[in-house]
There are 2 protein chains.
Amino acid sequence: MQNILILLQEHKIQPTPQRIATTQAVLDAGSHPSADEVWERVKTDHPTVSRATVYNTLNLLVEKGVLKTQIIKEGKVVFDPCVEPHHHFIDEESDEIHDIPWDALKVKGEDSLKDFEVREYQVVLRGRRKKK
Amino acid sequence: MQNILILLQEHKIQPTPQRIATTQAVLDAGSHPSADEVWERVKTDHPTVSRATVYNTLNLLVEKGVLKTQIIKEGKVVFDPCVEPHHHFIDEESDEIHDIPWDALKVKGEDSLKDFEVREYQVVLRGRRKKK
DNA sequence: TTTAACTTTAGACATAGTATAAATTGACAT
DNA sequence: ATGTCAATTTATACTATGTCTAAAGTTAAA
Ligand SMILES: [Mn+2]
Ligand SMILES: [Mn+2]
Ligand SMILES: [Zn+2]
Ligand SMILES: [Zn+2]
């Protein structure tokens, strides 16, 4: 995808080959890959890219607002290409994370929390995907 | 506290000295300690208790329903003495986790998620505690 | 008392993530 | 083009969380 280059430029990120490959990989990975999952993907096409660079790049993409981290799975941070507010459903069988659109759920009362200044919130749901 | 022994017995857990100390520690720790934080506490009174035993005991307490794990902080699981449904607020300055009573927030629409069978859910809020 | 089941322990191991320092690359002024 | 400096990448070491293993210790009951 040529748009990767534009995306990086728009976010003031020097587009090196390693960064392009990493960004490509994290966006192609479907949803919510971990850093090492992204690294695995990068390595298939660019076997010489180091683990540190993938970690550095993902952290940079978060810093620049291209990705958001989610702390939902035990033991690993996952990266979310959707930086807009939304909710998450975790399928406890497959361990997959599914995005729930912001408007699918309505939370009432978050401004009644007088002691807290809420910067962001989300609903985290767990269960299993219905067999259809 | 003498009730610890009764608590363990009620949950069919053999009350060894190590388990009593660990349970005491996790309950006294205020809210949402990590396993190693519990271990540190245990060691002050019982310096010979091993790390593995504290981890084993905490996992056993979860299995038996005395504690619940929460995956909210990056890099570590925390243990929650409150096993009833409730929400969480994370103070991004102090990194402290605060319990929000279930009834303080109302979530609408969770049964409209036709593809998912929701076993549990919670609202996770982030921000900072208001200086009062 | 013997036996078997349960528990604890120290240490090894696995994995996620960060830190460091040297090597490479790239921008850019001469 | 060349030299220079900053940015980037790389291999590697390191830290931290958590699990696993095998041996030793304990408990309870035959
Ligand atoms: Mn953007
Ligand atoms: Mn209980
Ligand atoms: Zn998401
Ligand atoms: Zn809690």
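Residue numbers start from 1 in every chain, and the chains themselves are labelled A, B, ... in the order their sequence lines are given, proteins ahead of strands.
When each of B/V77 and B/Q14 is assigned the nucleotide of DNA chain D with its nearest heavy atom, B/V77 is the one assigned upstream, toward the 5' end. Residue-to-nucleotide proximity on DNA chain C shows that, of A/V78 and B/T16, the 5′-proximal contact is made by B/T16.
D/dG18 atom C1' lies 17 Å from atom CG of B/L60, rounded to whole Å. Spacing between atom CD of A/E74 and atom P of D/dT17 amounts to 14 Å, rounded to whole angstrom units. Regarding B/K76, its NZ atom lies at a distance of 13 Å from the C1' atom of C/dG17, rounded to whole Å. The distance from atom CD1 of A/I71 to atom P of C/dA16 is 16 Å, rounded to the nearest whole Å. Separating the CD atom of A/E40 from the C1' atom of C/dA16 is a distance of 13 Å, rounded to the nearest angstrom. Regarding B/R51, its CZ atom lies at a distance of 8 Å from the P atom of D/dG18, rounded to whole Å. Between B/I20 atom CD1 and C/dT7 atom C1' there is a gap of 14 Å when expressed in whole angstrom units. The distance between atom OH of B/Y55 and atom C1' of C/dA12, rounded to the nearest whole Å, is 15 Å.
Legend: side-chain hydrogen bond (donor to acceptor under 3.5 Å, both in side chains) pairs involving residues 14-23 of chain B, not counting sequence neighbours: none detected.
Closest to the side chain of A/A35, out of D/dG18, C/dG17, C/dG11, is C/dG17. Taking every side-chain heavy atom of A/T53 into account, D/dT10 is the closest of D/dT8, C/dA16, D/dT10.
Taking 4.0 angstrom as the limit, A/Q18 places a side-chain polar atom (N or O) nearer than this to OP1 or OP2 of D/dT10. For the OP1/OP2 pair of D/dT9 and a distance below 4.0 Å, the side-chain nitrogens and oxygens of A/S50 include no atom meeting the criterion. Side-chain N/O atoms of A/N59 include none lying less than 4.0 angstrom from OP1 or OP2 on C/dG17.
For the pair A/V83 and A/G65, the tightest heavy-atom approach, listed with the atom from each and the gap, is CG1-O, 3.6 Å. A pairwise comparison of heavy atoms in A/I71 and B/I72 identifies CG2-O, 3.5 Å as the closest pair.
For the residue pair B/H98 / A/D115, no side-chain donor-acceptor distance below 3.5 Å is found, with atom types taken as modelled.
Using a 4.0 Å heavy-atom criterion, one finds that B/S34 contacts no nucleic acid atom at all.
Note: B/W102 and B/Y121 meet the aromatic proximity criterion, with ring centroids under 6.0 Å apart.
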